[in-house]
Amino acid sequence: MLIPNLSVLLAERRLTLSKVSEDTHISRTTLTALTGRSAKGVQFDTLNTLCQYLRVTPGELFLYRPFDLAAEVEGLPGRSVLRLTVSRAGGASDVYALACDAEYRFGPKGRPPLERLVLRLSLPTDADPARGETLLSLLQALPRPALTDLELQILRRFDARIPPELAPDDYTPEIRWPWQ
């Protein structure tokens, strides 16, 4: 998994996307894509320009982890199971399960619309402790951009399960990992 590290580098240098775009003539759209995981590729000249501008190597601009992560949600929205598939080179993969308790907070007097969604993830009580420790170690070792990307994947899965009339676009979702 290649993880863009541009947002971290910009934050460390207190630079904005607008400033970088203005200085480098790289479009803001391209820079925005490179701060998340939406970029499908990067031109060598763009990579070269960013590396020169930020005085970094490509290895600092992108972090590498030898696996990919995918999230799926099973069960009812209040009590679900989050399945994380960790895929490695050569096609080998492991599936880990996390119990997921969802706490929905509605507006005044408990009426819609939804104001806040808190997902509390935990290891299932029947989980093999060694597998659980492996998963937690893997997740905690992820750089912040990769963990944020995984959180967005999970939250999108839950958003799809909430009826539109209950969830406005501006409600606050939050994930609490087992180590928090």
Side-chain angles (χ1 to χ4, degrees), residues 1-15 17 31-40 42 47 50-51 54-105 114 116-162 171-180:
M1 161 182 358
L2 278 177
I3 304 157
N5 198 36
L6 182 59
S7 58
V8 173
L9 296 171
L10 295 181
E12 289 172 352
R13 290 161 174 77
R14 297 183 180 175
L15 291 169
L17 290 177
L31 292 172
T32 300
L34 289 173
T35 59
R37 298 261 325 262
S38 62
K40 299 295 180 203
V42 60
L47 183 61
L50 280 173
C51 287
L54 297 170
R55 294 188 174 99
V56 297
T57 66
E60 293 167 293
L61 196 55
F62 295 94
L63 306 175
Y64 174 72
R65 295 292 176 262
F67 55 83
D68 286 321
L69 283 172
E72 290 300 325
V73 177
E74 297 175 2
L76 301 172
R79 179 84 176 145
S80 306
V81 174
L82 173 67
R83 298 216 185 277
L84 292 175
T85 303
V86 180
S87 303
R88 293 178 175 77
S93 64
D94 290 310
V95 178
Y96 297 90
L98 288 169
C100 185
D101 291 316
E103 174 188 323
Y104 299 93
R105 293 189 187 159
L114 182 66
R116 188 163 183 220
L117 168 64
V118 179
L119 302 176
R120 286 185 179 78
L121 302 175
S122 60
L123 294 172
T125 54
D126 61 348
D128 173 9
R131 279 182 57 80
E133 287 302 315
T134 298
L135 176 62
L136 292 182
S137 296
L138 182 140
L139 291 170
Q140 287 178 298
L142 287 174
R144 187 67 218 163
L147 193 59
T148 299
D149 181 57
L150 180 59
E151 288 174 350
L152 290 172
Q153 265 190 64
I154 294 166
L155 290 170
R156 277 194 295 269
R157 300 292 189 276
F158 271 87
D159 274 346
R161 301 167 133 236
I162 299 171
Y171 81 96
T172 307
E174 178 184 341
I175 291 183
R176 297 224 176 118
W177 294 97
W179 58 85
Q180 294 176 316

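Residue numbers run from 1 in the order of the sequence given.
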Please examine the side chains of L98 and L135, heavy atoms only from C-beta on, and report whether any two atoms are closer than 4.5 Å. yes
Between CH2 of W177 and CG of L150, what distance do you get to the nearest 0.5 Å? 4.5 Å
Of all residues at least two apart in sequence or in a different chain, which pass the salt bridge (charged side-chain N to carboxylate O under 4.0 Å, His left out) check with E151? R144
Search all heavy atoms of G59 against all heavy atoms of L63 and return the closest pair with its distance. O-CD2, 4.1 Å
Go through the steps for L138 and L84 under the test side chain to side chain contact (heavy atoms under 4.5 Å, CB included), then give the verdict. CA-CA 11 Å; L138 182 140; L84 292 175; over 6 Å; no
Quick one: which residue pairs count as a side chain to side chain donor-acceptor pair (under 3.5 Å) with a foot in residues 54-67, not counting sequence neighbours? T57-E60
For R131, enumerate each residue passing the salt bridge (charged side-chain N to carboxylate O under 4.0 Å, His left out) test, keeping only those at least two apart in sequence or located in another chain. none
In the structure I gave you, are the side-chain heavy atoms of N5 and V56 within less than 4.5 Å of one another anywhere? no
Give the table of side-chain donor-acceptor pairs shorter than 3.5 Å for residues 86-94, with sequence neighbours excluded, one pair per line with atom names and distance.
residue: R88; atom: NH1; partner: D94; partner atom: OD2; Å: 3.1

With R176, which residues qualify under salt bridge (charged side-chain N to carboxylate O under 4.0 Å, His left out), at least two apart? E174
C51 to P58 - nearest heavy-atom pair and separation: SG-N, 3.6 Å
Reported CD1-to-CG distance for the pair I175 and L147, which is rounded to 0.5 angstrom: 8.0 Å
Please find the pair of heavy atoms, one from T35 and one from S7, that lie closest to each other, and give the distance. O-OG, 3.9 Å
Quick one: are L82 and V73 in side-chain contact, heavy atoms under 4.5 Å? yes
Return the CG to CG distance between L6 and L31, rounded to the nearest 0.5 Å. 6.5 Å
Residue set satisfying salt bridge (charged side-chain N to carboxylate O under 4.0 Å, His left out) with E72, at least two apart, ordered chain then number -> R157
Can you name the nearest heavy-atom pair linking P178 to S122, along with the distance? CG-CA, 4.0 Å
Test side chain to side chain contact (heavy atoms under 4.5 Å, CB included) on V42 and L50 and set out the steps. CA-CA 11 Å; V42 60; L50 280 173; 5.7 Å; no
Any chance you could measure L136, atom CG, to L123, atom CG, to the nearest 0.5 Å? 4.5 Å
Looking at side-chain heavy atoms only, is the closest gap between Y96 and D128 below 4.5 Å? no
Can you measure from CG (L54) to CG (L10) and round to the nearest 0.5 angstrom? 6.0 Å
